[in-house]
Enquirer: 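Sharing a structure with you now.
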Amino acid sequence: MAIHVSLMKGVILLTFGDMLRVPINNKGVTSLLEAKKHGADVRFITSPFDAIRVAIENLKREVVFFSVGFETTTAPLAAMIRYSRLPHNLSFLISHRITHSVMELLLGIGDIHIDGVIAPGHVSAVTGAAKWDIFPKAFRMPTVIAGFSPEHVLQAILLIVDQVLSRDTRLQNIYPEVVTPQGNIQAQDSIAAVFDIVPTWWRGIGRIPESGYKLRGEFAQFEATKRFGLKDQPFCDPKDMLPGCSCHLVVMGKVSPNSCPLFGGICTPESPAGPCMVSQEGTCYIWWKYRYLG
Ligand code: SF4
């Protein structure tokens with residue numbers, strides 16, 4: 001949809017940098033970067049507030065912000081929409097996702113071998129530590145909330161191993177200076193004020209209940225799907241991905257990146273065939289960077 005909109009006459013499409021190179025299996029233009037080469041006015045921004053600035057600077061053009069991410073990017077976008085006077089020519093293509101919904105789905109799938117969960121500190125800072133309670137309680141899954149330093153990750157792994165060995169499954173928070181039990185109430189309020197929770201598509205996986213957002217009624221005029229008459233196009237079938245791409249299996253923990261037939265050959269950070277190789281936080285990117293081939 002973002003590629004389609006970016007190629008419409010007079011549109012400026014804004015997004016975060018990583019999204020420019022995410023490829024799809026399309027007969028025509030296969031990424032936003034390619035759309036740019038075909039003349040689309042695609043620009044990357046680093047803050048949602050840049051979208052307002054660009055829209056005000058271009059009042060005679062439609063400006064669409066293709067906004068993606070989990071709670072850490074959902075919250076600032078929600079606050080901006082809630083508290084700003086939005087220019088009439090700005091709209092949003094919302095592709096935000098809810099971390100807990102997909103994690104619960106993953107843990108509910110029987111054939112996935114996950115020994116423990118390191119709950120990400122930045123998401124937990126928004127949602128609150130208590131949101132993870134269900135993982136040890138309902139799924140008997142060792143769960144440790146941690147930050148991103150090597151020490152935090154190592155400590156989290158050690159605690160998970162301890163829990164596994166002692167068969168004492170619980171929630172531990174080693175990042176209390178940032179993650180409180182209730183989380184950021186203001187951020188949660190803004191998300192609830194601006195968005196309705198809806199089922200949404202996950203690349204290669206399918207439609208997951210209560211895992212995405214759409215703008216609430218009073219903000220619906222700013223939905224790009226409505227403004228441009230776009231249909232909710234499912235993008236969930238592996239055939240929509242490049243042939244051989246195993247990103248959906250990698251993110252579900254079913255295969256390792258180097259089991260993907262494209263890893264390191266067709267797919268490298270310089271020429272990614274799937275989203276897991278695009279972002280520096282992507283599993284395949286990390287495996288490639290550290291040459292982990294085992
Ligand atoms: S190597 Fe990773 S990112 Fe690349 S296609 Fe395979 S699974 Fe997707």
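Order of listing sets the numbers, starting from 1, for every ligand and every atom in it. Here the structure is a predicted model, which is why all the values come from computation and not from measurement.
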Enquirer: If waters are left out, how many protein N/O/S atoms lie within less than 2.8 Å of atom 8 (Fe) of ligand 1?
Expert: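 With waters ignored, the protein N/O/S count below 2.8 Å is 1.
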
Enquirer: Using modelled atom types and a 3.5 Å cut-off, is there a donor and acceptor pairing between side-chain atoms of Ser246 and backbone atoms of Leu249?
Expert: no

Enquirer: Backbone N or O of Asn258 within a donor-acceptor pair of the Ser256 side chain at under 3.5 Å?
Expert: no

Enquirer: Mind checking whether Trp132 and His100 have parallel, tilted or perpendicular rings, split at 30° and 60°?
Expert: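 The arrangement is tilted - the two ring planes meet at 30° to 60°.
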
Enquirer: For Leu107 and Phe135: C-alpha separation, side-chain torsions, deciding distance, then whether side-chain contact (heavy atoms from CB on, under 4.5 Å) applies.
Expert: CA-CA 8 Å; Leu107 297 187; Phe135 292 89; 3.0 Å; yes

Enquirer: Quick one: does Glu62's side chain have a donor or acceptor within less than 3.5 Å of a partner on Leu90's backbone?
Expert: no

Enquirer: Measure up the Phe195 and His96 rings against each other and bin them: parallel (under 30°), tilted (30 to 60°), perpendicular (over 60°).
Expert: tilted

